[in-house]
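Given the structure is predicted, the values throughout are model-derived calculations rather than measurements.
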Amino acid sequence: MKFLKKVREFVLNFFNLTKILSNVKNIAIVLLAFFLSSSNLNWYKLVIGIISLSFISSAIYIYNNLSDVKIDEYNKHKNYYSKTVKYFGEKNTLVFAIVFIVFGLYFGFIINFYFLISMVALLITGFLYSFKSTRFKEKIVLDVLFGATLTFFFRFIASWFIFS
């Protein structure tokens, strides 16, 4: 019983860290790009594209959690992100981010060069948003530009390249 409790705790913290359920929007974006592209369905590229996009998105979420650990600690609506980083430790959290980036870019490379470049652009956008030196999330115009507009733009462009 104690073992199951530990597994449950690990899985819950892992889901909070990676915001895995937020990647559902990647599926919607990829399906929209497929619908608009009027290409023939290639299940292999579809699945690999969603996996790659989700790895990169989760890496960005992980880095965001790591960057905001002290801020989220005092926010009653987000303090579970801080607890999650503390559960894994900052070094292990950074390792998770790096592993997710490597896998995301590897799978992106499998799709094609343009998809890979879009993944890199998405990654840079996400890191600039949370990076301690830039913190675009704290500047209203840059928050909207990077946090909402460019992030979804690069996700859509990347999705488009899955089918081109």
Side-chain angles (χ1 to χ4, degrees), residues 13-69 71-72 78 81 84-85 88-164:
N13 279 298
F14 185 77
F15 277 23
N16 285 337
L17 183 68
T18 60
K19 298 182 186 175
I20 220 153
L21 296 177
S22 291
N23 285 312
V24 169
K25 60 188 154 206
N26 291 334
I27 296 168
I29 293 169
V30 169
L31 292 176
L32 176 65
F34 169 70
F35 177 75
L36 294 175
S37 74
S38 67
S39 298
N40 292 328
L41 181 59
N42 181 332
W43 282 100
Y44 176 75
K45 282 189 170 186
L46 176 84
V47 171
I48 295 298
I50 290 170
I51 289 171
S52 175
L53 195 55
S54 294
F55 269 123
I56 295 298
S57 296
S58 286
I60 293 167
Y61 292 138
I62 292 168
Y63 185 74
N64 182 51
N65 290 340
L66 188 57
S67 297
D68 290 351
V69 72
I71 296 167
D72 289 346
K78 293 185 171 186
Y81 292 132
T84 296
V85 171
F88 288 111
E90 290 188 15
K91 288 181 183 177
N92 290 334
T93 300
L94 186 59
V95 168
F96 276 132
I98 292 167
V99 168
F100 275 60
I101 290 168
V102 168
F103 278 114
L105 294 179
Y106 172 75
F107 287 123
F109 179 76
I110 289 173
I111 299 288
N112 62 45
F113 178 74
Y114 300 111
F115 182 78
L116 177 65
I117 294 302
S118 299
M119 292 287 90
V120 170
L122 176 61
L123 196 58
I124 290 169
T125 301
F127 282 118
L128 287 175
Y129 182 74
S130 297
F131 193 62
K132 291 179 182 179
S133 298
T134 53
R135 299 283 300 170
F136 289 167
K137 65 185 346 184
E138 293 176 354
K139 298 159 184 85
I140 293 173
V141 172
L142 294 176
D143 182 26
V144 171
L145 180 64
F146 278 77
T149 309
L150 285 178
T151 300
F152 285 101
F153 174 74
F154 286 131
R155 287 182 193 204
F156 180 79
I157 293 298
S159 299
W160 187 267
F161 287 130
I162 292 172
F163 306 108
S164 63

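In this structure the side chain of Tyr63 never reaches within 4.5 angstrom of the side chain of Leu123, judged on heavy atoms. Taking the side chain as every heavy atom from C-beta outward, Leu17 and Asn13 never approach each other to under 4.5 Å. Counting heavy atoms from C-beta outward, Lys78 and Asp68 have side chains that stay 4.5 Å or more apart. Taking the side chain as every heavy atom from C-beta outward, Asn64 and Lys19 approach each other to under 4.5 Å.
What you find for Ile162 and Leu46 is that their closest heavy atoms are CG2-N, 4.2 Å. Shown here for Phe115 and Ser159, the closest heavy-atom pair between the two residues is CE1-N, 4.4 Å. Closest heavy-atom contact between Ser118 and Phe161: OG-CD1, 3.3 Å. The two residues Lys45 and Ile111 make their nearest non-hydrogen contact at O-CD1, 3.5 Å.
In this structure, Tyr81 has no ring-ring contact (aromatic ring centres under 6.0 Å, His included) partners at least two apart in sequence or on a different chain. Scanning for side chain to side chain donor-acceptor pair (under 3.5 Å) contacts around Asp72 gives an empty result, with sequence neighbours left out. Here Phe153 pairs with nothing under the ring-ring contact (aromatic ring centres under 6.0 Å, His included) rule; sequence neighbours left out.
Annotation for Tyr114: atom OH does not count as buried by contact number, only 12 or fewer foreign heavy atoms lying within 6.0 Å. Atom OH of Tyr106 has 12 or fewer neighbouring heavy atoms from other residues, nucleotides or ligands inside a 6.0 Å radius.
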Enumerate, atom names and distances included, each donor-acceptor pair closer than 3.5 Å involving a side-chain atom of residues 27-36, sequence neighbours excluded.
none

Pairs of donor and acceptor atoms involving the side chains of residues 52-61, under 3.5 Å and at least two apart or interchain, shall be tabulated with distances.
unit_1 : atom_1 : unit_2 : atom_2 : d
Ser52  : OG     : Gly104 : O      : 2.6
Ser52  : OG     : Gly108 : N      : 3.3
Ser54  : OG     : Asn26  : ND2    : 3.4
Ser54  : OG     : Ile50  : O      : 2.9
Ser57  : OG     : Asn26  : ND2    : 3.4
Ser57  : OG     : Leu53  : O      : 2.9
Ser57  : OG     : Arg155 : NH2    : 3.4
Ser58  : OG     : Thr18  : O      : 3.0
Ser58  : OG     : Asn23  : ND2    : 2.9
Ser58  : OG     : Ser54  : O      : 3.1
Tyr61  : OH     : Lys25  : NZ     : 3.2
Tyr61  : OH     : Arg155 : NH2    : 3.3

Show me the donor-acceptor pairs, under 3.5 Å and distance only, between side chains in residues 91-101 and residues at least two apart or in other chains.
unit_1 : atom_1 : unit_2 : atom_2 : d
Asn92  : ND2    : Phe88  : O      : 2.9
Thr93  : OG1    : Gly89  : O      : 2.7

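Between the CZ atom in Phe109 and the CG atom in Leu116 there is a gap of 7.5 Å [rounded to 0.5 Å]. Distance CD1/Ile157 to CE/Met119: 11.0 Å, rounded to 0.5 Å.
A donor-acceptor pair under 3.5 Å links the side-chain atoms of Ser39 to the main chain of Phe163, judged by distance alone.
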